[in-house]
Protein chains: 2
Amino acid sequence: MLQVVIIGSGNVAQHLIKAFANNANAKLVQAFARHPQDLEHLLPATAITSSYDTITEADIYIIAVKDDAIAHISSQLPFTGRLVVHTSGSSGLDQLDNKNRRGVFYPLQTFSKNKEIDFSVVPLCLEIEKEMDYQTLEDLAKGLSESIYNIDSEQRKALHVAAVFVNNFTNHMYAIGGEICSQNNIPFDILGPLIQETADKINTLTPKEAQTGPAIRHDGQTIQKHLDFLEKENHKELYTLITQSIQQTNE
Amino acid sequence: MLQVVIIGSGNVAQHLIKAFANNANAKLVQAFARHPQDLEHLLPATAITSSYDTITEADIYIIAVKDDAIAHISSQLPFTGRLVVHTSGSSGLDQLDNKNRRGVFYPLQTFSKNKEIDFSVVPLCLEIEKEMDYQTLEDLAKGLSESIYNIDSEQRKALHVAAVFVNNFTNHMYAIGGEICSQNNIPFDILGPLIQETADKINTLTPKEAQTGPAIRHDGQTIQKHLDFLEKENHKELYTLITQSIQQTNE
C-alpha cells in the first residue's frame, strides 16, 4: 500500500480525501491544513496536522492548494528526495521546489463543496519528472479512477484552457439562460432537459455535428430578433461574437 | 382519441412522428411532406401525402417546418376553422393564417437526425388563441410528455433566446474545447466527464453557485496565461468577453 499525505483543505483536497477512503492501492496517512478544523468532518483529529514539523513519512505528498501557494508550500516541506506532486491544471511542474522528486496529479473535473463526485470516472492527468516515479503515480491513480492520461506540461496548459471553455464558460451560458428566464417569469427548470441533452449529444456526435440553431443556419432574421430582445449590452456583444465564431468554425 | 396530422419532414417532424407511436391520447392519421420519401422509413406510404388536396380531416394539424415557411403553408391549407399549431420557438402565433384556430406547440429541445430523444421529459410549451382549445392541446401534450408549460408569445421569445445560450452557444464552447484538444494531440473524450458534470451540477446548484475558475476568482495571472496561449483572435475575444461577463454577473 502506498502511503499518502494530502496538503490542503479546499475543494480538491476534500474531494481527494473522500476518494482515498476507497483506494485499494493507497492509504491516506495524514492531511496537512493550516486550519485543521476545515477537515475535522472528514478525518480524525490525529490524522490532521498544521505544522510542517510533524508531517509524517509517506510515499507521495499531494499538494492540493491554490496555484499561487504551490511554490511556497513545496519549498517549506522539511525533507528532500521524496515524491511531491501538485493537482493544478494551470501550473507547471517547475512550480514545485526541486529539492524533491516532482510530478503532477491533475484531476480534470470541477469540484464544488456541496456536490458529490464519482471519482472513478474523473480523468486523472499524470506528469512526472523522473521516469522511475511514473509507476508509483499510476498505481495511486488506478486506485482512484479508471481514466488515466499521461499529459505533459504543454498539453496540460491546453487542457486547462479547454476546460475553462467547456466548464466555466458553459456554466456562464446557463447563468445567462437563467437570467433571461427569471426576467420573464419562466422557471429555470424548463431549461434542464435541454442542458442535459446538449451535454449528452457529445457522447455520440462531435460538437460540429451536434450544432443547430440560427447561427449555423445563417438565419439573419432570427439573430436580429434575438439581438433586439436582449437588453444587456454585454449579452448582445456575447451573442454577436459567439454567433460569428460558430459561423467561422463551420465555413 | 385525438386525430393528428403532422406537416413537415425535418428533424422536429420526424422526432414527433416517432413520439406519436406511443401516444395514449392521440393518433397520427397522416403526415404531409413535399418529399414523401423523407418519411417512408417511419410511416407506410398510404399515411403520407404531398398534396394539399388529399390532406385528411383531423382534430389538430401540427406544422413542423422551417420558421419562414410557416406563414405560407398555413395559408395554403384547404380548410378553415380547424385547430392548427406550429412548433417554432421563435415565431409568434400570428405567423399562422387566421382562417383557422391557432396555437403553438413548442418542444423545448434540440433535435438531431442521428440522436434518439426521450420525449417524455421534453418540456412542451403550449399557447392557444381560443381558450376553448387549450384542453385539446394539453391532452395531446400529456400523451407525449410529463412536462407541460403554458407559455405566451413574449415568454416563448425569451425562452428561445435562453435556449440559444444554453444549447447552441454551450455546444460551441464544446467545439472550441475540442479544437484546442485536437491541436495538442489530446483526445476530446478526456473532456467528457467535465462536460457531463457541468450539466449535472445544475440539478442541485444554481449556475451562480456552480461557477468556478479563473474568471470568478479574478485570477488575472491565469487569465493572462490563457489569453497568451490562445492563437485565434476570435477565441481571445470570446475568452475576454465571457470572463468580463462572469465577473459582472457576480459583482
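Note on naming: letters A, B, ... go to the chains in the order of the sequence lines (proteins, then strands), and numbering restarts at 1 for each one. Just so it is clear, the values below take in all heavy atoms, side chains as well, and ignore hydrogens, waters and symmetry mates.
A/Ala162 and B/Gly177 make their closest contact through CB-O, 3.7 Å (heavy atoms, listed as atom of the first residue, atom of the second, distance).
Chain A forms the most heavy-atom pairs under 4.5 Å with one residue out of B/His160, B/Lys208, B/Lys157, and that residue is B/His160. Interface check for chain A: of the options B/Thr212, B/Thr204, B/Val122, the most heavy-atom pairs under 4.5 Å are formed by B/Thr212. Chosen from A/Gly178, A/Ala210, A/Ala215, A/Cys181, the residue pairing most often with chain B at heavy-atom distances under 4.5 Å is A/Ala210. Comparing B/Glu154, B/Arg217, B/Gln248 by how many heavy-atom pairs each has under 4.5 Å with chain A, the most go to B/Gln248. Taking chain A as the reference chain and counting heavy-atom pairs below 4.5 Å, the highest number among B/Ile180, B/Val161, B/Thr222 is found for B/Val161. Note on A/Met173, A/Lys66, A/His172: by heavy-atom pairs under 4.5 Å with chain B, the leading option is A/His172. Between chain B and the options A/Leu241, A/Ile176, A/Thr249, the largest number of non-hydrogen pairs under 4.5 Å is found for A/Leu241. Looking only at heavy-atom pairs under 4.5 Å with chain A, the residue among B/Gly89, B/Ser91, B/Ala175, B/Pro123 that has the most is B/Pro123. For the options A/Asp200, A/Asp67, A/Thr206, heavy-atom pairs under 4.5 Å to chain B are most numerous at A/Asp200. The choice from A/Asp118, A/Val121, A/Asn168 that makes the most heavy-atom pairs within less than 4.5 Å of chain B is A/Asn168. Each of B/Asn203, B/Val164, B/Thr170 has some count of heavy-atom pairs under 4.5 Å with chain A, and the biggest count is that of B/Thr170.
Enclosure of atom CD in B/Gln221 is not indicated, since only 12 or fewer non-hydrogen atoms of other residues, nucleotides or ligands lie within 6.0 angstrom.
With 3.5 Å as the limit, one finds a donor-acceptor pair spanning the side chains of B/Lys201 and A/Thr110.
The backbone N or O of B/Leu205 lies less than 3.5 Å from no partner atom in the side chain of A/Lys115, so there is not a single donor-acceptor pair. Without hydrogens or angle criteria, B/Gln211 side chain to A/Asn171 main chain gives no donor-acceptor distance under 3.5 Å. A/Asn184 contributes no side-chain N or O that, together with a main-chain N or O of B/Ala158, makes up a donor-acceptor pair within less than 3.5 Å.
Contacts between residues 185-198 of chain A and chain B, counted as heavy-atom pairs separated by less than 4.5 Å, involve A/Asn185, A/Ile186, A/Pro187, A/Phe188, A/Asp189, A/Ile190, A/Leu191, A/Pro193, A/Leu194, A/Ile195, A/Gln196, A/Glu197, A/Thr198. Close approach to chain B, defined as a heavy atom under 4.5 Å from one of its heavy atoms, is seen in A/Phe229, A/Leu230, A/Asn234, A/His235, A/Glu237 of residues 228-237 of chain A, taken by number.
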Worked check of ring-ring contact (aromatic ring centres under 6.0 Å, His included) between A/Phe169 and B/Phe169
CA-CA 10 Å; A/Phe169 290 180; B/Phe169 290 180; over 10 Å; no
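B/Tyr174 and A/Phe165 have their aromatic ring centers separated by at least 6.0 angstrom.
With a 4.5 angstrom heavy-atom cutoff, B/Ile151 touches chain A only via side-chain atoms.
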